Amino acid sequence: MNDQPQISARDSGDFAATQNFAEPGVPHIRTLNIPGMQALYVKEVRRFFKVQLQTIWAPAVTTLLFLVIFTVALGGGGRTVIGVPFADFIAPGLIMMAMLQNSFANSSFSLLVGKIQGTIVDYLMPPLAVGELIIALVGAAVTRAILVGMALWLAMLLWPGVDVAPDHLWAVAVFGVLGAMMLGFLGLITSVWAEKFDHAAAVTNFVVTPLALLSGTFYSVDRLAPWFQSVAHANPVYYAIMGFRYGFIGTVDSTIAHPVATAIGALVAANILLGVVTYRLLVSGWKLKA
């Protein structure tokens, strides 16, 4: 014989209301979970900021060495590219390249280390929608990219013979954020697909690095053979570097019509495509959930 008091559905609903609880199956957070996103974003930023010598300053110093080597080896004799000194031409491209690589490195590490260490539940269990999870993780990747770019820019300001004063600050901001977002999405896709660090390193070595090095970072695309120009124009990283460089030197190395507007359109399209793919992969739970 059951002596326990019976609680009706109405009574349980009244109890949930008095205790500020939602009924089972009814979402309690009906709008954007800003506190949750902020908590995850801060956690990701603190993660890479605790080892800032490795995640921020080391990439800046390494990229600065590229500038030193190329300007000493190729920048002498008053060499110019598209009407500007070679050092002024190469510096913005190096900043953008470092930002893209570090944005990818940050977002590709987040979910992957959770899968390897068995803590992926810390990302999947909190009351965060898939879109909110993406915003926080990509936002942290963009933040790291901006910090690396600023550290590198400050170092180049002190390097003699290089002018990195922006001509169009809006272009620096727009292309910097769009480019970092693009590699942030690609990093999240990689972290979902990868099962070990070797897989993420393979994407870095065989996808991200070639895209960055073959995007006009060290040379002007308009001097290439026509067929290779077509290859460069199919590379979305080229538009990020071209637009970012435009923000500093006020000119572009492209013969396409309306190059700056075309670059913005290409990056927006790439971000939308990668964002949709990232969203669908996380919703499906592929390689994340049993």
Side-chain angles (χ1 to χ4, degrees), residues 22 27-50 52 55-56 96 98-115 117 119-150 170 172-194 200 203-204 208 236-237 239-240 243-244 264-289:
H28 184 61
I29 302 175
R30 300 178 182 273
T31 57
L32 196 65
N33 187 1
I34 295 180
M37 286 193 302
Q38 182 180 5
L40 180 57
Y41 168 79
V42 171
K43 178 257 184 187
E44 290 294 310
V45 171
R46 285 179 174 176
R47 176 179 60 79
F48 75 75
F49 208 74
K50 283 184 178 180
Q52 57 180 289
T55 57
I56 298 176
M96 188 75 246
M99 292 174 62
L100 297 177
Q101 291 175 339
N102 281 273
S103 177
F104 174 84
N106 199 80
S107 60
S108 64
F109 184 83
S110 299
L111 298 180
L112 177 58
V113 72
K115 292 196 293 184
Q117 295 180 349
T119 59
I120 189 66
V121 67
D122 293 341
Y123 292 93
L124 302 179
M125 284 298 293
L128 287 171
V130 171
E132 295 165 348
L133 182 70
I134 292 173
I135 291 173
L137 295 178
V138 174
V142 172
T143 300
R144 175 173 168 181
I146 292 174
L147 291 176
V148 171
M150 291 182 64
W170 69 267
V172 174
V174 168
F175 285 99
V177 171
L178 286 177
M181 286 178 58
M182 179 174 64
L183 269 294
F185 284 127
L186 182 60
L188 271 183
I189 294 173
T190 300
S191 68
V192 172
W193 165 77
V203 176
T204 300
V208 176
V237 177
Y239 296 103
F244 193 77
I264 293 176
L267 290 177
V268 170
N271 274 289
I272 292 174
L273 175 62
L274 292 174
V276 170
V277 173
T278 304
Y279 184 87
R280 296 303 303 168
L281 285 178
L282 290 175
V283 167
S284 68
W286 181 61
K287 292 194 173 184
L288 295 176
K289 301 177 183 178

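Throughout, residue positions are numbered sequentially from 1 according to the sequence presented. These numbers come from a predicted model, not from an experiment.
- By the 4.5 Å heavy-atom criterion applied to side chains, Thr55 and Asn102 are not counted as neighbours.
- Leu100 contributes atom CG, which lies 4.5 Å from atom CG of Leu183 (distance to the nearest 0.5 angstrom).
- By the 4.5 Å heavy-atom criterion applied to side chains, Leu111 and Leu282 are counted as neighbours.
- We find the NZ-CG distance between Lys43 and Asp122 to be 7.0 Å, quoted to the nearest 0.5 Å.
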Side chain to side chain contact (heavy atoms under 4.5 Å, CB included), that's the test. Do Tyr239 and Ile264 meet it? Break it down for me. CA-CA 8 Å; Tyr239 296 103; Ile264 293 176; over 6 Å; no

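- Using a 4.5 Å heavy-atom cutoff, the side chains of Pro126 and Leu40 are not in contact.
- The minimum heavy-atom distance between Met96 and Gly179, with the atom names listed, is CE-CA, 4.3 Å.
- Residue Ser107 comes nearest to Leu188 through the heavy atom pair OG-N, 3.6 Å, listed as atom of the first residue, atom of the second, then distance.
- The closest donor-acceptor contact from the side chain of Lys115 to the backbone of Ala194 lies under 3.5 Å.
- The OG atom of Ser191 sits 7.5 Å away from the CG atom of Leu288 when rounded to the nearest 0.5 Å.
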Tyr123 vs Ser110, side chain to side chain donor-acceptor pair (under 3.5 Å): CA-CA, chis, key distance, verdict: CA-CA 9 Å; Tyr123 292 93; Ser110 299; 4.8 Å; no

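- Here the straight-line distance linking atom CE of Met150 with atom CE of Met99 works out to 10.0 Å at 0.5 Å rounding.
- Proximity of Arg47 to Asn106: side-chain heavy atoms (C-beta onward) are separated by under 4.5 Å at one or more points.
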Show the numbers, then the answer: is there a side chain to side chain contact (heavy atoms under 4.5 Å, CB included) between Glu44 and Leu137? CA-CA 7 Å; Glu44 290 294 310; Leu137 295 178; 3.7 Å; yes

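- The side chain to side chain contact (heavy atoms under 4.5 Å, CB included) search around Leu274 returns Met182, Phe185, Ile189, not counting sequence neighbours.
- Atom CG in Leu186 sits 9.5 Å away from atom OG in Ser103 (nearest 0.5 Å).
- In this structure the side chain of Phe48 reaches within 4.5 angstrom of the side chain of Ile56, judged on heavy atoms.
- Pairing each heavy atom of Val192 with each of Trp286, the nearest pair is CG1-O, 3.4 Å.
- Across every non-hydrogen atom of Leu267 and Ala240, the tightest pair is CD1-CA, 3.8 Å.
- Here CD of Gln117 is found 9.5 Å from CG of Leu112. Values are rounded to the nearest 0.5 Å.
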